[in-house]
Structure formats: structure tokens, C-alpha cells
Amino acid sequence: FLYLIAKLKTMFKYYFDEDRKKLGLKKNVVASMLQCTMPTLQSRLENPGTFTVAEIKILKDNGFEQSMNRLI
């Protein structure tokens with residue numbers, strides 16, 4: 001069970017980075033978009049369940065489709 005959770009987190013991070021690269025965005029730009037610090041963004045990526053609904057909406061509105069569809 002713990003292996004599955006770790007795998008899902010890794011998959012989320014992979015798709016997030018794929019979306020980010022497709023959009024041509026650097027992580028610091030995404031952090032700014034979410035009005036958070038880089039350490040906070042990194043923490044969210046390591047534990048995707050900590051994204052707020054508002055953050056998910058911001059990301060979806062800005063083209064993060066693959067990763068956000070796996071989050072919700």
C-alpha cells in the first residue's frame with residue numbers, strides 16, 4: 001500500500017513537470033503564479049494532497065491538465 005502511494009506521488013511529479021515544460025514555465029514562475037515560495041511549491045509537489053482548491057484552479061486555468069487531472 002505504501003509503495004502505491006509513493007508511486008502515485010512520483011507519477012504526479014512526473015506529469016507536473018511534463019505540463020510545466022510543455023508550457024515553457026520554470027518552477028519559480030509557477031511558485032509566483034501560486035503566490036508561494038519555492039520551498040512551499042517543492043513541499044506541495046512531494047505531497048500533492050496539500051495543494052489547496054484555489055491552487056489547483058490556478059494551475060488548471062494556466063494549462064496544467066495532465067497533472068491536475070491525476071490529482072483530483
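What you see is a predicted model, and the numbers here were worked out from it, not measured in a lab. Reckoned from all heavy atoms, side chains included, excluding hydrogens, waters and symmetry mates.
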(request) Report the distance from atom CG of Asp19 to atom CG of Asn62, rounding to the nearest 0.5 Å. (result) 11.5 Å
(request) Would you mind listing every salt bridge (Lys or Arg N to Asp or Glu O under 4.0 Å) that reaches into residues 23-46, with sequence neighbours excluded? (result) Arg44-Glu55
(request) Name all residues meeting the side chain to side chain donor-acceptor pair (under 3.5 Å) criterion together with Glu65; count only those two or more places apart in sequence or in a different chain, and write none if there are none. (result) none
(message) Within this structure, what is the OG1-CG distance for the pair Thr10 and Leu45, rounded to the nearest 0.5 Å?
(response) 11.5 Å
(request) Of all the heavy-atom pairs spanning Pro48 and Phe12, show the shortest one and how long it is. (result) CG-CD2, 3.5 Å
(message) Minimum heavy-atom separation for Leu59 and Phe51, please, with both atom names.
(response) CD1-CE2, 3.8 Å
(message) Working to the nearest 0.5 angstrom, can you tell me the gap between Lys60 NZ and Ser67 OG?
(response) 9.5 Å
(request) Would you list the pairs meeting salt bridge (Lys or Arg N to Asp or Glu O under 4.0 Å) in which at least one residue belongs to residues 29-41, sequence neighbours left out? (result) none
(request) List for me each residue that meets side chain to side chain donor-acceptor pair (under 3.5 Å) alongside Glu18, sequence neighbours excluded, and say none if there are none. (result) none
(request) Go through the structure and list residues passing side chain to side chain donor-acceptor pair (under 3.5 Å) with Lys57, not counting sequence neighbours. (result) Asp61
Show which side-chain atoms of residues 28-41 pair as donor or acceptor with protein atoms under 3.5 Å away, not counting sequence neighbours.
| from | atom 1 | to | atom 2 | distance (Å) |
| --- | --- | --- | --- | --- |
| Thr37 | OG1 | Thr40 | N | 3.2 |
| Thr37 | OG1 | Thr40 | OG1 | 2.9 |

